[in-house]
*Asks:* 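One structure coming up, written as structure tokens, with questions to follow.
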Amino acid sequence: MEQKLLQKEAEIYQQSFSNVQISQKKSYQKNLIDKLRREKTLSDEEFLELIITKDSWILEYLYKSAREVCECYYGRKIFIRGLIEFTNYCRNNCYYCGIRRDNQKAERYRLSEEEICSCADEGYELGFRTFVLQGGEDCYFTKERLGQIIRRMKTTHSDCAVTISFGEWDVETYRYWYQCGADRYLLRHESADAGHYQMLHPEQMNLQHRMECLKQLKEIGYQVGAGFMVGSPGQRVEMMVEDLRFLQKLQPHMAGIGPFIPHKDTPFADEKAGTLSMTLKILSVVRLMFPKILLPATTALNSIHPKGRELGILAGANVVMPNLSPAGVRGKYQLYNHKISTGAESAQCRHSLEEYMCSIGYELCIDRGDSLMMEDY
């Protein structure tokens, strides 16, 4: 009997000790979130501690902190961008991408100037004041050809912003498009670790050149967006810390953070997708690092979870990008499997999107929605 009592006392003590340890760990992680909110940075070890946590209370505190910081600068406004996916031809062969050059199963298309401008006209009537021209690196769209489209869009809709998401080009091309009226440029760096970057891309591409492009874009005067995939093949949590450090150095106006999702016709077809939880954590951390940044809740996020977009907003994101592309091509711009291309992802369903945002306490904002980080330059 005495032996059983002693054993019971030992179990109670051990449980009590474990609870103290859990409490101390939770307190430490909460303090890290408060420190990040206050100082906008952490040590590498502290970033890792936050990134790997699975404590539900800590995660909720992290999301809440990110929301509060975002609301301090942008209120409860969510900016909308009209996405025009104007070509799915691409000269590159990135191993993760469904429109890679060597994917013979991709159904290719290009929109004409008239079709692109018609999308913008329709978007303007729907209330959009930013248009995102996104495409694979299609050499058909020369410097002059795309410049003409940008110039026409800005002439017709002078109160709108034009964002380009069109990959790596030379500095003179970037400067020409800026002179034509382009306001912003999105170029996700994908990985700040050179070895990991090379694992995701063919040898003709290299991280140093991509970083140089981002530097040039910023020097020209663009509002610049970088970013990376969460959970991409070969990615370790330490690499995500490298990504955060690169963003600190670049100080982008926007950051595209979304989960990796495999495409069945790529070398990474059998790889696992990035998780919702890890993506939300990174979104919140980026918001706390850059309170004024523009941070999209991506289509990829909504593709891995039916409420992914709303959860992204509740984790600190403040941009959504409904699709303005013609209905007939939306299903052809398949960067990854199961990409959502109908319903509320469609710009024509803006009212449904408004209802979704209203249901979580936010409102769509009908203006250009420039990054407040511009105030710091």
Side-chain angles (χ1 to χ4, degrees), residues 32 35-37 39-52 66 69 92 94-97 163-169 171 174 184-201 205-260 274 278-296 298 300 315-317 319 371-374 376-377:
L32 288 183
K35 178 182 177 182
L36 179 58
R37 182 172 180 170
E39 300 180 11
K40 313 297 185 293
T41 191
L42 296 172
S43 70
D44 288 359
E45 292 75 18
E46 289 169 336
F47 272 129
L48 283 171
E49 180 74 22
L50 277 188
I51 290 173
I52 65 175
V69 166
N92 291 328
C94 305
Y95 301 136
Y96 53 84
C97 184
T163 301
I164 306 173
S165 179
F166 196 44
E168 297 180 17
W169 304 89
V171 66
Y174 287 148
R184 306 171 187 145
Y185 204 102
L186 306 179
L187 182 64
R188 296 206 307 188
H189 66 277
E190 300 300 4
S191 176
D193 181 276
H196 184 229
Y197 183 91
Q198 217 57 61
M199 179 181 174
L200 302 176
H201 301 88
M205 302 176 69
N206 67 82
L207 178 60
Q208 191 58 44
H209 185 259
R210 180 152 296 206
M211 289 182 170
E212 184 63 24
C213 286
L214 284 163
K215 178 184 176 183
Q216 292 168 348
L217 288 162
K218 201 169 182 188
E219 289 173 347
I220 289 168
Y222 284 96
Q223 293 181 48
V224 174
F228 57 97
M229 295 179 290
V230 174
S232 59
Q235 186 185 61
R236 302 191 307 274
V237 287
E238 294 84 359
M239 293 174 180
M240 286 189 276
V241 175
E242 287 187 71
D243 289 316
L244 297 176
R245 291 290 180 221
F246 173 69
L247 293 178
Q248 276 185 319
K249 181 179 179 181
L250 179 66
Q251 291 290 305
H253 309 92
M254 306 166 281
I257 310 291
F260 163 76
M278 184 62 79
T279 306
L280 296 179
K281 277 189 279 188
I282 297 297
L283 282 172
S284 292
V285 167
V286 170
R287 171 58 67 195
L288 294 178
M289 291 175 67
F290 308 99
K292 299 180 181 180
I293 206 166
L294 291 171
L295 197 58
T298 64
V319 174
S371 174
L372 294 180
M373 291 190 73
M374 293 295 288
D376 299 332
Y377 297 96

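Numbers here are sequence positions counted from 1.
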*Asks:* Could you measure the distance from the CG atom of L288 to the CD atom of E39? Nearest 0.5 Å is fine.
*Replies:*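 Answer rounded to 0.5 Å: 12.5 Å.
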*Asks:* Parallel, tilted or perpendicular: which fits the ring planes of Y222 and Y174, with parallel below 30° and perpendicular above 60°?
*Replies:*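 Correct class here is perpendicular.
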*Asks:* Mind running side-chain contact (heavy atoms from CB on, under 4.5 Å) on H253 and R184 for me, showing each step along the way?
*Replies:* CA-CA 9 Å; H253 309 92; R184 306 171 187 145; over 6 Å; no
*Asks:* Is there a donor-acceptor pair closer than 3.5 Å between any side-chain N or O of R210 and the backbone N or O of S191?
*Replies:*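 Such a contact is absent between R210 side chain and S191 backbone.
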*Asks:* Going from CE on M205 to OH on Y95, what distance comes out if it is rounded to the nearest 0.5 angstrom?
*Replies:*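 The distance works out to 10.0 Å.
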*Asks:* Are the side chain of K35 and the backbone N or O of L42 linked by a donor-acceptor pair below 3.5 Å?
*Replies:*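 Not a single qualifying donor-acceptor pair exists.
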*Asks:* Calculate, to the nearest 0.5 Å, the distance between atoms CE and OH belonging to M211 and Y197 respectively.
*Replies:*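 Going from the CE atom of M211 to the OH atom of Y197 covers 9.5 Å.
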*Asks:* So do K215 and L250 actually touch side chain to side chain, heavy atoms under 4.5 Å?
*Replies:*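 Not in contact.
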*Asks:* Between A226 and P252, which heavy-atom pair has the shortest distance, and what is it?
*Replies:*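 Heavy-atom minimum between the residues: N-CB, 4.2 Å.
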*Asks:* Could you tell me the separation between the CD atom of E168 and the CG atom of L187, rounded to the nearest 0.5 Å?
*Replies:*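 It comes to 6.0 Å.
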*Asks:* Could you measure the distance from the CZ atom of F246 to the CG atom of L214? Nearest 0.5 Å is fine.
*Replies:*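 F246 CZ to L214 CG: 5.0 Å, rounded to 0.5 Å.
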*Asks:* Quick check against the 3.5 Å criterion: does Q223 have a side-chain atom that pairs as donor or acceptor with the backbone of L186?
*Replies:*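 A pair under 3.5 Å: no.
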*Asks:* Tell me, please, which residues at least two apart from H196 pass ring-ring contact (aromatic ring centres under 6.0 Å, His included).
*Replies:*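 Expected list: none.
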*Asks:* If I take atom CD from residue E212 and atom CG from residue L217, how far apart are they, to the nearest 0.5 angstrom?
*Replies:*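 With rounding to 0.5 Å, CD (E212) is 10.0 Å from CG (L217).
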*Asks:* Nearest heavy-atom pair of L50 and K281: which atoms, and what distance?
*Replies:*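 Shortest heavy-atom separation between L50 and K281 comes out as O-CD, 3.8 Å.
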*Asks:* Could you check whether any side-chain heavy atom of L247 comes within less than 4.5 Å of a side-chain heavy atom of F228, counting everything from C-beta outward?
*Replies:*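 Yes, at least one pair of side-chain atoms sits under 4.5 Å.
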*Asks:* Are the side chain of R37 and the backbone N or O of A66 linked by a donor-acceptor pair below 3.5 Å?
*Replies:*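 Here the side-chain-to-backbone pair does not exist.
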*Asks:* May I ask you to check whether R245 and T41 show a side-chain donor-acceptor distance below 3.5 Å?
*Replies:*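 Side-chain D/A pair, R245 to T41: present.
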*Asks:* So I220 and Y185, do their side chains get closer than 4.5 Å, heavy atoms only?
*Replies:*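 No, their side chains stay 4.5 Å or more apart.
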*Asks:* Given N92 and H201, is the side-chain contact (heavy atoms from CB on, under 4.5 Å) satisfied, shown in steps?
*Replies:* CA-CA 9 Å; N92 291 328; H201 301 88; over 6 Å; no
*Asks:* Show the atom names and distances, to 0.1 Å, of all donor-acceptor pairs under 3.5 Å that link a side chain in residues 234-242 to residues at least two apart or in another chain.
*Replies:*
residue, atom, partner, partner atom, Å
Q235, OE1, G231, N, 2.6
Q235, NE2, M229, O, 3.0

*Asks:* If I compare all heavy atoms of V69 with all of P291, which pair ends up nearest, and what's the gap?
*Replies:*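 Looking at all heavy atoms of both residues, the closest pair is CG1-CB, 3.5 Å.
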*Asks:* Would you say that more than 12 heavy atoms from the other residues, nucleotides or ligands in this model lie under 6.0 Å from the NZ of K40, or not?
*Replies:*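 More than 12 heavy atoms, drawn from other residues, nucleotides or ligands, come within 6.0 Å of this atom.
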*Asks:* Give a yes or no answer on whether the side chain of S284 reaches the backbone of A315 with a donor-acceptor pair at less than 3.5 Å.
*Replies:*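 Yes; judged by distance alone, with no hydrogens or angles, the pair exists.
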*Asks:* So P259 and T298, do their side chains get closer than 4.5 Å, heavy atoms only?
*Replies:*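 Of all side-chain heavy-atom pairs linking P259 with T298, at least one is under 4.5 Å.
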*Asks:* Show your reasoning for whether side-chain contact (heavy atoms from CB on, under 4.5 Å) applies to V230 and I257.
*Replies:* CA-CA 7 Å; V230 174; I257 310 291; 3.8 Å; yes
*Asks:* Here's a test for you: under side-chain contact (heavy atoms from CB on, under 4.5 Å), which of C94, C97, P233 qualifies with L200?
*Replies:*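 Answer to the side-chain contact (heavy atoms from CB on, under 4.5 Å) test with L200 among C94, C97, P233: P233.
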*Asks:* Evaluate the side-chain contact (heavy atoms from CB on, under 4.5 Å) criterion for residues M373 and I293: first the C-alpha distance (whole Å), next the side-chain angles of each, then the deciding distance (0.1 Å), finally the verdict.
*Replies:* CA-CA 6 Å; M373 291 190 73; I293 206 166; 3.9 Å; yes
*Asks:* Would you call I282 and D243 a side-chain contact if the rule is heavy atoms closer than 4.5 Å?
*Replies:*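 Heavy-atom side-chain distance check fails, nothing below 4.5 Å.
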*Asks:* When you measure from the side chain of Q251 to the backbone N and O of Q248, does any donor-acceptor pair fall under 3.5 Å?
*Replies:*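 At least one qualifying donor-acceptor pair exists.
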